Amino acid sequence: MKKKKKKMRKKKMNVYENVCQQFNKAADLMHLDPDVRNILSKTTNEIVVNFPVRMDDGKIDMFTGYRVQHNSVLGPYKGGLRYHPLVDINEVRALATWMTWKSAIVNIPYGGAKGGIQFDPTKCSFGEIQRITRRFTFALGCNIGPEYDIPAPDVNTNAQIMAWILDTYLSTQPPHERQRSTHVVTGKPVEAGGSLGRDKATGQGVVFCIEQWAKDTKFKLKGATYTVQGFGNVGSWAAYLMKRHGSKLLAVEDVSGAIRNQNGIDADDLIAYVQKTKGVKNYPKAEPISHLDLFKTKADIFIPAALENQITAETVRFLRVKVVAEGANGPTDIDGDVSLWRRNIDVIPDILCNAGGVVVSYFEWLQNKRSEFWDLGEVDTKLHRKMIDAYQRVRDTAKASKTDWRTAAYIVALRRLETVYRERGIFP
Ligand code: NAD
């Protein structure tokens, strides 16, 4: 038991260490201003709240929640909320820092933040999750706000949870503030002020990147094969949209297990199955495979859309794909990155590839502020433009700086932040 705990701690440390190493590599290569480097190497605020919740059995449990605000020089803090037993301060620091880079790459006026609560929502009832969410929102108080720090969904959180946060936040505001504060969260249900296209936005952004990669490399998506790790919001939408290109889904893994069918798995059918059963396990039209078999499945494209540190030196050995399109945040560790580079496997890095979510969150925020409601075509067209612009900036920077795409993505972000710091200076 002790050994297991130690191993887990090591894994969690590594996520933030990954961010620091990625940052240092890019900062060295681009000769980032030392003062800006110093500022960006630290988070701005780290809020840890312990709060009580009455559970269904009548007893009170204590929960620990986090909100880390990395940087706000480009605009209000922005980033998701994760409910997971492995959430800890290092993971949230890492995710918050990645959000700063992401907003800078896609050129939206946001800073970076992230939050989470350390618990397993699959072990809680609907009512318990609602009470945990509302107490967490209350505990955060004015550490979030529509013009200050705006949460959104992430792993194990969704539109329903955003609606509870919205309702709790508004209930604690003076009456005259309530009508103009709906943009305190994004990823809300459409009826409660959400945007059309936000649910699919991250998966859609991943597929826009894959389309551009295919165009650049003269690769045909029709008939192409792919595998997906994680079949939640990001993974299932990516699969749904890849099907519309005529690509064939060969294997999928989620927390319940992994499955494969060399003749192809119908994404729509698997989505309907997972909605009922909550996992891909026992899907009748595919065979069960092991975790490593997912990596060993030969395909053109691999879409990791689950958790961090999945692509390591160990697992890259088995990968037989042309490109990794990172839907998840931080799916590749430092050694995994080196191995992908050595093996000549293309990587569309997370801070570019999964930025579609924050882009449409920004569109939702704008619609709320302006009391507008855009149609899906408008959202998709604007998202496409943002993603392709960012993709091209990263691609051109990789070429000009003779570096890998992850480092290039960092350089794009850091240049923008450096310019703003240079223009604004540091108070006093
Ligand atoms: P989700 O909760 O909807 O889905 C997570 C999926 O990962 C589930 O299918 C789950 O079963 C699977 N999973 C969990 N642990 C696993 C394990 N050990 N092995 C295999 N599969 C596992 O979450 P999501 O919103 O789809 O987020 C997935 C990833 O995408 C995360 O890294 C998240 O930070 C990132 N992301 C999400 C968004 C968004 O808009 N939701 C935006 C940007 C990035």
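Remember, it's 1-based here, ligands and their atoms both numbered in the order they're listed. Sequential numbering from 1 along the given sequence is applied to the chain's residues. In this text, all values refer to a predicted model and were calculated from it rather than measured experimentally.
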Are any of the N/O atoms in [X] less than 3.5 Å from those in ligand 1?
{"X": "Ser256", "result": "no"}
{"X": "Arg82", "result": "yes"}
{"X": "Ala306", "result": "yes"}
{"X": "Leu95", "result": "no"}
{"X": "Asp154", "result": "yes"}
{"X": "Leu307", "result": "no"}
{"X": "Asn156", "result": "yes"}
{"X": "Val234", "result": "yes"}
{"X": "Phe231", "result": "yes"}

Nearest 0.5 Å please: distance from the CZ atom of Arg393 over to the CD1 atom of Ile411.
->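 So the gap between those two atoms works out to 14.0 Å.
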
Quick one: nearest non-hydrogen protein atom to [atom], plus distance?
{"atom": "atom 28 (C) of ligand 1", "value": "Ala305 O, 3.3 Å"}
{"atom": "atom 44 (C) of ligand 1", "value": "Asn329 ND2, 3.4 Å"}
{"atom": "atom 30 (O) of ligand 1", "value": "Gly327 O, 3.4 Å"}
{"atom": "atom 3 (O) of ligand 1", "value": "Asn233 N, 2.9 Å"}
{"atom": "atom 14 (C) of ligand 1", "value": "Val255 CB, 3.9 Å"}
{"atom": "atom 4 (O) of ligand 1", "value": "Gly232 CA, 3.3 Å"}

Closest heavy-atom pair and its distance - Ile150, Val185 |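 Looking at all heavy atoms of both residues, the closest pair is CG2-CA, 3.8 Å.
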
What residue among Arg370, Lys188, Arg198 forms salt bridge (charged side-chain N to carboxylate O under 4.0 Å, His left out) with Glu364?
->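 Only one option passes, and that is Lys188.
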
Residue Gly230 vicinity, atoms of ligand 1 by number, heavy atom under 4.0 Å |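 Every atom of ligand 1 under 4.0 Å from some heavy atom of Gly230: 6 (C), 7 (O), 9 (O), 12 (C).
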
Evaluating non-hydrogen atoms only, which member of [options] is closest to [atom]?
{"atom": "atom 19 (N) of ligand 1", "options": "Glu253, Glu308, Glu326", "value": "Glu253"}
{"atom": "atom 42 (C) of ligand 1", "options": "Thr202, Val358, Asp254, Asn158", "value": "Thr202"}
{"atom": "atom 23 (O) of ligand 1", "options": "Asn354, Val280, Val155, Val359", "value": "Val155"}

Out of Tyr16, Tyr410, Trp98, Trp101, which one pairs with Phe23 under the ring pair (Phe, Tyr, Trp, His ring centres under 6.0 Å) rule?
->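 Of the listed options, the one satisfying the test is Trp101.
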
Passing option when Lys78 is tested against Thr100, Asp149, Ile108, Thr186 for side-chain contact (heavy atoms from CB on, under 4.5 Å) =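 Exactly one option meets the side-chain contact (heavy atoms from CB on, under 4.5 Å) with Lys78, and it is Thr186.
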
Only one of Val92, Asn90, Leu86 passes side-chain contact (heavy atoms from CB on, under 4.5 Å) with Asp88; say which it is.
->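 Only one of Val92, Asn90, Leu86 forms a side-chain contact (heavy atoms from CB on, under 4.5 Å) with Asp88, namely Asn90.
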
Mind checking whether Arg198 contacts ligand 1 via backbone (N, CA, C, O), side chain (CB onward), both or neither, at a 4.0 Å heavy-atom cut-off?
->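 Under 4.0 Å from ligand 1, Arg198 contributes side-chain atoms alone.
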
What's the verdict on side chain to side chain contact (heavy atoms under 4.5 Å, CB included) for Val323 and Ile348, showing C-alpha distance, side-chain angles and the deciding distance?
-> CA-CA 7 Å; Val323 62; Ile348 310 174; 4.0 Å; yes

Is Asp350 salt-bridged to Lys102, cutoff N-O under 4.0 Å?
->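 No, no charged N to carboxylate O under 4.0 Å.
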
SB check Lys25 Asp337 (cutoff 4.0 Å) =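 No, this pair does not count.
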
Among residues two or more places apart or on two chains, list those pairs meeting side chain to side chain donor-acceptor pair (under 3.5 Å) that have a residue in residues 271-282.
->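 Checked against side chain to side chain donor-acceptor pair (under 3.5 Å) - neighbours excluded - no pair reaches residues 271-282.
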
Pair Phe136 + Phe51: ring centers closer than 6.0 Å =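 Yes; Phe51 has its ring centre under 6.0 Å from that of Phe136.
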
pair Asn158-Asn233: side-chain heavy atoms closer than 4.5 Å =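 Counting from C-beta outward, Asn158 and Asn233 never come under 4.5 Å.
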
